[in-house]
Student: 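Sharing a structure with you now.
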There are 2 protein chains.
Amino acid sequence: MRTIRYHQIADVLRGRLGAGEFPAGKILPSEAELGASYSASRVTIRKALEVLRGEGLVAARQGFGWFAAASPLPQTLTGLATIERQLADSGRRSERRIVDFQFVAAPDHVRPLLGKRVLETRRVHLADGMPFARVTVWCREDLGAELSKAQVERASFYELLPITVGSAAQTIGAGLIDPADSELLEVPTASAALVVKRTTHDTEGAAFLVSEHVFPGHITEFVAEFQSLEAFVSPRGLRLAD
Amino acid sequence: MRTIRYHQIADVLRGRLGAGEFPAGKILPSEAELGASYSASRVTIRKALEVLRGEGLVAARQGFGWFAAASPLPQTLTGLATIERQLADSGRRSERRIVDFQFVAAPDHVRPLLGKRVLETRRVHLADGMPFARVTVWCREDLGAELSKAQVERASFYELLPITVGSAAQTIGAGLIDPADSELLEVPTASAALVVKRTTHDTEGAAFLVSEHVFPGHITEFVAEFQSLEAFVSPRGLRLAD
DNA sequence: ATGTGATACAACTTTAATACAAGTGAGAAC
DNA sequence: GTTCTCACTTGTATTAAAGTTGTATCACAT
């Protein structure tokens, strides 16, 4: 008898989930059934499932069962230019100001992705002197070590890092302006903000950048245009957060 | 024997509907007959059918029977993951509650698009009794005149209106919960909210629907995943509002 | 100290069986 | 033609039983 059997079971289940055996929302066999399949007790199965729950792969409801978590769908917000492009088109000056540039212990939501220590940079983006975004970027320590503050002020991480971007996952949510951002963005505390969180992966699928963008709600919005007649019954890509 | 079967039955029926076995308007076997076919009780069959009704795939008339809904977009409805589908997959009850249904003078931002008078409906969407969205829809008067309150409670405007969708423009912004929405959504006033505004056009390019969706910020977020390696310097689709 | 197995109970969900109300439609009776 | 009846349908509610997760405890092995 091995001592950490539930990790092995978690690995196997992770594989089955990754193989597409259980598409999002599909109900998994009950703990009892899984226990029978793997000749393990319910306690062990539960521990394995709880590991996967911690990774966001599965979820459970009491009295109902375990099911594969709704995974983000591969759908982009079709179309428009970036904000920098818009600014350039309208002849406004775009500018970045660095307010923070240091190596720190990774915050909780970053550590599992990038490791224990990271380069944290905070920038304010301005259009014609008016701040319109606060962007915090966490960069993997080994990559961040090659960067200078001046470089980061001039260019984006995507241009600076010697890494090809493989994929990225991004969420758009709403939040309130906290006192720190209130000062940086020159808007009242507790006013509405668009919060974009993004994780960028290399071609191998390993994360190397995590960023958080905060936009004052009253001056920014996302625009998407659907040309085709594909259905969009409710806003696409929207999901319930945990 | 697994107890959770009505989702499986819903899946099978969804497949049969999608396969064209039941063209729009075709009457389905009665609940009793379906129960015999699938060796399930009437309750179970009913729950499955109600899931499909929530997706707008079927409808029923008391004393008459169930029939495939006359949906202008039957395929795409099932293909894409909306919040409702996510809810159904994880076994949550999805529900719409109408709080407003009347013909009114069009609000300022709607009048130029739809004309002077419009049908205004306000609905609250709930998941397991928990409200997660307030949706207000303005519909062109001549089209709205054909709709009943009960219809609107069950299905979406896209399914109900005899119009082919040509294109749509949508913005995602951030705002604060106002007192009215605070009551409807059961969240504190002045908390963060995602606000989605959409205008839908027919194939000629004329607008016929304007809608506004308000989601509590702490439980909802948009998810987008970028698979391609194209550069995205700042969040795509973001622009400065006027 | 930790992982594992076994057991027990609480809280919740689903299913089954049954009953009755209400609407539909077809044909019989007038 | 009109009305009535009857079989059949969905809508709704109630009970009981069984299944499932959530949580806790104890014993045992490594």
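What you are looking at is a predicted structure, and each value in this text was computed from that prediction instead of being measured. Throughout, a chain's letter reflects where its sequence line sits, starting with A, and its residues are numbered from 1.
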Student: Rounded to whole angstrom units, what separation is found between the CD atom of E50(A) and the C1' atom of dT23(D)?
Tutor: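 It is 10 Å, rounded to the nearest whole Å.
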Student: Could you check how far CD of Q8(A) sits from C1' of dT4(C), rounded to whole Å?
Tutor: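 Going from CD in Q8(A) over to C1' in dT4(C) covers 13 Å.
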Student: Figure out the NE2/C1' separation between H7(B) and dT14(C), and round it to whole Å.
Tutor: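 From H7(B) NE2 to dT14(C) C1': 10 Å.
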Student: Name the residue closer to the 5' end of DNA chain C, choosing between S41(B) and V43(A) according to the nucleotide with the nearest heavy atom.
Tutor: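 Nearest-nucleotide comparison on DNA chain C picks V43(A).
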Student: With side chains defined as the heavy atoms from C-beta onward, is the minimum distance between E120(A) and V137(A) less than 4.5 Å?
Tutor: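 In short, these two side chains do not touch, never coming nearer than 4.5 Å.
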Student: Please name all residues satisfying ring-ring contact (aromatic ring centres under 6.0 Å, His included) with H109(B), sequence neighbours left out, ordered by chain then number.
Tutor: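 H109(B) satisfies ring-ring contact (aromatic ring centres under 6.0 Å, His included) with W138(B) once adjacent residues are dropped.
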Student: How many Å lie between OH on Y6(B) and P on dG19(D), as a whole number?
Tutor: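 My rounded result for the distance is 18 Å.
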Student: Quick one: side chain to side chain donor-acceptor pair (under 3.5 Å) partners of E212(A), sequence neighbours excluded?
Tutor: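 Once residues adjacent in sequence are excluded, the partners of E212(A) under the side chain to side chain donor-acceptor pair (under 3.5 Å) criterion are R134(A).
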Student: Mind checking side chain to side chain donor-acceptor pair (under 3.5 Å) for E183(B) and listing every partner two or more places apart, or none if nothing turns up?
Tutor: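 If we apply the side chain to side chain donor-acceptor pair (under 3.5 Å) test to E183(B), skipping adjacent residues, there are no hits.
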Student: Return each pair, listed once, that meets salt bridge (Lys or Arg N to Asp or Glu O under 4.0 Å) where at least one residue sits in residues 135-145 of chain B; pairs must be two or more places apart or across chains.
Tutor: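 Listed once each, the pairs are R140(B)-D142(B).
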Student: Partners of S191(A) by side chain to side chain donor-acceptor pair (under 3.5 Å), sequence neighbours excluded?
Tutor: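 For S191(A) there are no side chain to side chain donor-acceptor pair (under 3.5 Å) partners, ignoring immediate neighbours.
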Student: Are any of T44(B)'s side-chain N or O atoms less than 4.0 Å away from OP1 or OP2 of dT14(C)?
Tutor: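 So the side chain of T44(B) is outside the cut-off, no N or O lying under 4.0 Å from OP1 or OP2 of dT14(C).
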Student: Atom CD1 of I27(A) to atom P of dT21(D): distance rounded to whole Å?
Tutor: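 Rounded to the whole Å, the gap is 10 Å.
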Student: Rounding to a whole Å, what distance do you find between F67(A):CZ and dT14(C):P?
Tutor: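 Result: 11 Å.
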Student: Reading nucleotides 5-10 of chain D 5' to 3', which nucleotides get B (base under 4.0 Å from a protein heavy atom), which S (sugar-phosphate only), which -?
Tutor: ----BB
